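Everything quoted here is computed from the prediction, not taken from an experiment. Scope of the values below: all heavy atoms of this structure, side chains included, with no hydrogens, waters or symmetry mates. The sequence lines fix the lettering, A, B, ..., with proteins before strands; numbering per chain opens at 1.
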Amino acid sequence: MSTQNSTATTSLVPRDRFLGSLYGRNTRAVIARGLKATWGTNWSIMVSGFVEPVLYLVAMGIGLGALVGTVTGPGGAEMGYANYIAPALLAVSAMNGAVYDSTMNVFFKLNYARLYEGMLSTPLGPLDVAMGEIFLALLRGAMYATGFTAVMGAMGLITSPWALLMIPAAVVIAFGFASFGMAVTSYMKTFQQLDWVNMIMLPMFLLSATFYPLTVYPEAMQSVIQALPLWHGVEMLRQISVGIFSWGTAGHLLYFVVMIAVGLTATTVRLRALFLK
Amino acid sequence: MTKLPAEESRHAVLGLRSPLTPLQTAAKARRFGAFYYADMWIRRMRGYQWTVLMTAVGTPLVYLLGMGTGLAVLIDANSDAGFPGGNGSTVSYLVFLGPALVATAALMVSSEENTYTVMGGFKWHRTYYGPNASPLSSGQIASGHVLGLAFRLLLTTGIYYLFLLLFGAVPQPGTGWLMVFTALLAGLAFGLPLLAFSATLKEDKGQFAMVQRFIVMPLFLFSGTFFPLDNLPLGVRWIGWISPLWHSTELGRVLSYGHPEPAAMTALHLAYLLAPAAVGLVLGRRNFTRRLDG
C-alpha cells in the first residue's frame, strides 16, 4: 500500500507492477479521506446507525418473544426467542450497512459528487478506490457489530464465550455484500433504481429464517431461501452465538469466501469499464 | 376594471366562448389552487410510478408471506389462546397483523413524501417557486401537497387492503374496508407535522436520517404492530400510546375483526389522529407562506 520505493522490486512505473494499471498502491489515501470526511460532517448519523438493530432486538425479542416462547436453535437445543433472533439481527445489520455503503453512498459519490473522478485524476487507480470504500464500509460494520454484541451482553443474551467471534464473522458477511454492491452500483443510472436494491433486501430480511425457523416453509421454498446469502449469514452467526459448530458452519463461511472472491473480481472489471474507457 | 370587448358575449354566430382575461384565469386558478397543485404533484409522481407500484404491491406481499404466514405458524402454535376478537371469539395472528401492516405502509410512504420531497421543493428542485409565481397562494401549495400525498396514501393502503382480502385476513369485510381510511389518517397524523418541520429546514444536516432512525423506526417497532402493546414493559409502552400508528392500528382492528374495546377508546383513537393532522396542516400552510412569501 506504499507509494515509496521501499524495496528494490517495487517500481514507480505502473506498467512494471502487478495490476499497475488498476492499482496505485495508495488505498490508505482513500481511507484517510473517508475518515476525515465522516468526522467532519456526519459522525453522529454514522454512530447512531447501530441503534436500529438494537431497537429491533428490544421490540421483537421482548414483545414478540412473549407470544412465541422458546424456539429450537442450533443442535436441537431450546432457546429463548431473544437469544434466537439476536444473531440474525446482527447478520441483517451487517448486510444492510454493507449494501447501503456500497450502493447508495457510492452511487452518490459516483454520479453526483463526482468524487471518484477527482481521485482518479491523481495517481490512484480504480482498485485503490474500491478497496478504500470497502474498507471504510467494513470498519463501520465492525463498529456496529461490536456495539450490538455489547448490548446483547448487557441484555444477558450471551451464553457462550464463542459469541465474541460473531464480530469478525459479521465483518465477513459485510465483506461479501459490500464486494457485490459496488459492482451492482456501477450499472445504475438513476436514483429510482436504488429502490430495486431495497426490494431485494426486504424479502431476504423477512424470509431468511430471521424471525422463525426455516421448517415452517414447504420444501421447495426452503431450497430457494437456502441459496440466498443472508440465510448463510444468519445460520453462521446463530451457530457461533451458542458455540455449536458443525460442517455446516464451515459451509456457510465458504459461501461468503466465494462470494467475496466473485464480488471483488466483478467490481474490478466494472470499475475498469467505467473509469478506464 | 373596464371589460375588454372580447369577453362581453359569446360569438353571435359560432357560439364560441370568448377568451378569458388574465384576471379571470387567475381568479379561476386561485379558486381551485390546491387542486391545481395536487394535479401537478400526482403527475410528477408518474416519474417514479414504478417505484410507487413496486412498493405498493411488493411490500404487502413480502410482509404477508413472511410475517403473516411464516411467523404466524410459530405464533399460532405457541400461543394457544389466539388474539381476542368480537363476542368472545379469537382470531389468528394473520388477522391480528393485517390492520397494523396497512397503517405501517401509510406511515412509511408519509415519512418518505414529507421529508426530501418537501426540502427538494424549496432547495434542490425548487418545484414550489414556479406555482408560487402564479395566482396560487403559498398555503394552497401546501394544501395541494397534502392532497397529492393523500392520493398516494389511499393508493397504497387500498392495494394493501386488497392483498389482505386475498390472504383471507379480514373477517368483517363490511366494516373492514374502512381501515384504508384509518390508515390514511395515520399517514396524515404523522406526516403533516413532519411536513411543517421539513418546510422550515434550510440545510440538510442529516435531520431526516435522524427522524427516520429515532422517530419512524421506534414508532414502527413499538406500536403494537407485531404483538399486543401490553407485551412490552411500561418503560417503552408509552411510545405506543403517543404513536399515531398504534391508534390507527387499534381502529383498524376494531373495524376488521371487532377487537374488543370501549367505544370511548375508539373515539379517543380517532381524535388522537385528527388533532395532529389538523395542527400539522395549519402549521404547514403557515411555514410554506413564511418561506415562499418572505
Side-chain angles (χ1 to χ4, degrees), chain A residues 38 41-72 81 84-85 100 104 112 190-196 198-218 221-222 225, chain B residues 47-52 54-55 57-59 61-83 93 96 112 116 204-210 212-214 217-233 235-237 239-240:
Chain A
T38 302
T41 56
N42 54 359
W43 66 270
S44 56
I45 301 170
M46 204 67 106
V47 170
S48 68
F50 110 100
V51 169
E52 207 158 292
V54 171
L55 288 179
Y56 264 97
L57 182 61
V58 172
M60 299 305 207
I62 298 174
L64 208 53
L67 294 178
V68 173
T70 58
V71 194
T72 312
Y81 191 63
Y84 181 78
I85 60 167
Y100 180 87
M104 207 87 96
Y112 287 78
T190 68
F191 253 114
Q192 277 75 19
Q193 285 167 340
L194 289 167
D195 284 309
W196 292 97
N198 285 332
M199 242 17 239
I200 296 169
M201 305 242 294
L202 182 68
M204 264 218 279
F205 164 46
L206 287 174
L207 306 178
S208 293
T210 324
F211 293 108
Y212 45 86
L214 205 56
T215 46
V216 306
Y217 294 124
M221 179 87 173
Q222 288 188 20
I225 306 280
Chain B
Y48 52 98
Q49 56 184 328
W50 286 111
T51 309
V52 171
M54 186 180 62
T55 46
V57 173
T59 316
L61 205 57
V62 171
Y63 268 101
L64 283 170
L65 278 178
M67 306 309 251
T69 58
L71 184 65
V73 172
L74 199 61
I75 289 183
D76 288 336
N78 279 286
S79 52
D80 30 61
F83 298 86
Y93 185 62
F96 169 82
E112 185 191 325
Y116 284 106
D204 177 24
K205 289 183 189 143
Q207 295 97 331
F208 293 143
M210 290 300 188
Q212 184 67 28
R213 193 158 284 158
F214 291 106
M217 238 18 222
L219 289 190
F220 167 55
L221 288 170
F222 297 96
S223 291
T225 317
F226 294 106
F227 46 83
L229 200 55
D230 298 342
N231 284 6
L232 289 174
V236 282
R237 206 186 297 168
I239 302 178

Shortest non-hydrogen contact from [X] to [Y]?
X        : Y        : answer
A/Val216 : B/Gly70  : CG2-O, 3.8 Å
A/Leu55  : B/Arg213 : CD1-O, 4.0 Å
A/Ile62  : B/Pro233 : CG2-CD, 4.0 Å
B/Gly66  : A/Leu207 : CA-CD2, 3.4 Å
A/Ala66  : B/Asn231 : CB-ND2, 3.6 Å

Side chain / backbone / both / neither for A/Tyr56 at chain B, heavy atoms under 4.5 Å =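 Both parts, heavy atoms under 4.5 Å.
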ask   = So what's closer than 4.5 Å to chain B heavy atoms on A/Leu64: side chain, backbone, both or neither?
value = both
query = Would you say A/Leu67 and B/Tyr93 make side-chain contact, with heavy atoms under 4.5 Å?
reply = yes
ask   = Side-chain contact, heavy-atom cut-off 4.5 Å: A/Tyr212 with B/Ile75?
value =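 A/Tyr212 vs B/Ile75: side chains apart.
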ask   = Does anything in residues 202-211 of chain A pair up under side-chain hydrogen bond (donor to acceptor under 3.5 Å, both in side chains), and if so which pairs, sequence neighbours excluded?
value = none
query = Distance from A/Met199 atom CE to B/Thr59 atom OG1, nearest 0.5 Å?
reply =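 Result: 4.0 Å between the selected atoms.
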query = Roughly how far apart are A/Tyr217 OH and B/Leu65 CG, rounded to 0.5 Å?
reply = 8.0 Å
ask   = Tell me, side chain or backbone of B/Phe214 under 4.5 Å from chain A's heavy atoms, or both, or neither?
value =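 Contact with chain A involves the side chain of B/Phe214 alone.
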request  = Not counting sequence neighbours, which residues clear side-chain hydrogen bond (donor to acceptor under 3.5 Å, both in side chains) with B/Thr225? List them please.
outcome  = none
key: Leading residue by heavy atom contact count with chain A [cutoff under 4.5 Å; candidates B/Val73, B/Leu71, B/Leu229]   =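 It is B/Leu71.
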message = Pair A/Val58, B/Phe222 - check side-chain contact (heavy atoms from CB on, under 4.5 Å), show working.
response = CA-CA 9 Å; A/Val58 172; B/Phe222 297 96; 4.0 Å; yes
